[in-house]
Number of protein chains: 2
Amino acid sequence: MSGTDPVCTETAPSAAHGGPVSVALARVARMHRIAAGRRLRELGLYPGQEMMMMRLWDCGPVRQSELIQSLGLDASTVTKMLQRMEHCGLVLRRPDPADRRAVLVEATDEGRSLRVGVEGVWSDLEQASLSGLGPDDRAELERLLGVVADNLREEAGEAGECPAPPRGC
Amino acid sequence: MSGTDPVCTETAPSAAHGGPVSVALARVARMHRIAAGRRLRELGLYPGQEMMMMRLWDCGPVRQSELIQSLGLDASTVTKMLQRMEHCGLVLRRPDPADRRAVLVEATDEGRSLRVGVEGVWSDLEQASLSGLGPDDRAELERLLGVVADNLREEAGEAGECPAPPRGC
DNA sequence: ACCCATTGCTTGGCCAGCCAAGGTAATCTG
DNA sequence: CAGATTACCTTGGCTGGCCAAGCAATGGGT
């Protein structure tokens, strides 16, 4: 703060003086991920898998390529994650008859059964994170995060929506 | 957005309706990390290592345990990261003569030489992320993130400061 | 009809990060 | 002073996540 102490009195590293918001964002993001991980563990999920399941709950049988697109993840990441989740019985994969390259992914009953739990985790996480913030503050935070997301979207890939719903999607 | 379409028209998964801010935060965090990773790669750093280096630049020779504390990471994570960074010549490790359990860590000259580059990366990232936001919006975002960090701090570990500067720290 | 670019997915390799378990050294306690 | 506890670090094992390289199927161009 003040005084002659040259360094290391602040929580933010001095080399990051050019990006205080980025520092705060990185810290919050890690904490948030940890907090989510703790809650998800009790459901038998690892962090990141909850987003996959949400996508599957919304979309029904989907092509893996669409999951990659909508989650904004690398193809290999999705492949491996789905392999593990299939092995755990959360997910079902089968070749797409219309395109023998593609793989259709679908939540199993066991996977669907997690929905309530995940929704609870997510709500609880929201409540824990935003404690002490009124509705207007929350809306403002959401708005500002949206702006940042738009700024980073072009250079850091996309986490968009389901592009072309062929049927139930 | 409107109409009878039941699902999967929104960018946010419907199962996450209970936590819109958490969804936004998770998305922004991943984009932000990717954007940071792209920039850091050109410096020869992996994401996460820049924070380590910042700490070392600020603190000089530090105990590994203090790094663990200030970065809020797991001890094993720090051990392995430092082993790799030492092998790359960014960092120097030696046993603490005052406590033979402890390890003192210090940036090498090569490690110190990255400081300018990392500062540039961080500033550039800040600028890219916050484009379109005025000073008041930025301050507001920082404030709100601070509140969230405080909320999550107790349950998700700490990323605090250098606790007891023995000398140069 | 054929060749080639594109798309979709997989594999291998690497790093960040977590937990659990273990080993050594310092410190607290009886 | 000896034994128990605590602090510090390391190792192994697992997942998320990335990139690069590779393979198979589709589709477009000539």
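Chain letters run A, B, ... following the sequence lines, proteins first and then strands; every chain starts at 1.
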Between A:R55 and A:D58, does any side-chain N to carboxylate O distance fall below 4.0 Å? no

In terms of side-chain geometry, is the basic nitrogen of B:E119 or B:R115 positioned less than 4.0 Å from the acidic oxygen of its partner? yes

Rounded to whole Å, please give me the gap between CD in A:E86 and P in C:dT10. 9 Å

Nearest-Å distance for atom pair CD/C1', residues A:Q64 and D:dA24: 15 Å

Ranking B:A75 and A:K80 by the position along DNA chain C of their nearest nucleotide, the one closer to 5' is A:K80

Gap between atom CZ of A:R33 and atom CZ of A:R30 - 0.5 Å precision: 11.5 Å

Is A:E140 salt-bridged to A:R143, cutoff N-O under 4.0 Å? yes

Give one of base, sugar-phosphate or nothing for A:D96, where a contact means two heavy atoms less than 4.0 Å apart. nothing

Look at the side chain of A:S76 and the base of D:dC19, then say whether one donor and one acceptor between them are separated by less than 3.5 Å. yes

Does B:S65 contact D:dC9 through a side-chain donor or acceptor facing the base, at a distance under 3.5 Å? no

Can you give me the N/O atom pairs linking the protein to nucleotides 3-7 of chain C at distances under 3.5 Å, or say none if there are none?
unit_1 : atom_1 : unit_2 : atom_2 : d
C:dT7  : O2     : A:R101 : NH1    : 2.5

Looking at every strand, decide which applies to B:D74 at a 4.0 Å heavy-atom threshold: base, sugar-phosphate, or nothing. base

Taking C:dA16, C:dC9, D:dC18 as options, the one with an atom nearest any side-chain atom of A:T79 is C:dC9

Single hit among B:K80, B:R93, B:M52 for side chain to side chain contact (heavy atoms under 4.5 Å, CB included) with B:M85: B:M52

Does B:Q127 have more than 12 heavy atoms from other residues, nucleotides or ligands lying within 6.0 Å of its CD? no

Tell me the interatomic distance from A:M85, atom CE, to D:dG16, atom P, rounded to whole angstroms. 8 Å

Would you mind reading off the distance between B:R41 atom CZ and D:dG17 atom P, rounded to a whole angstrom? 17 Å

Closest to side chain of B:Q83, choosing from D:dT15, D:dT10, C:dC9: D:dT10

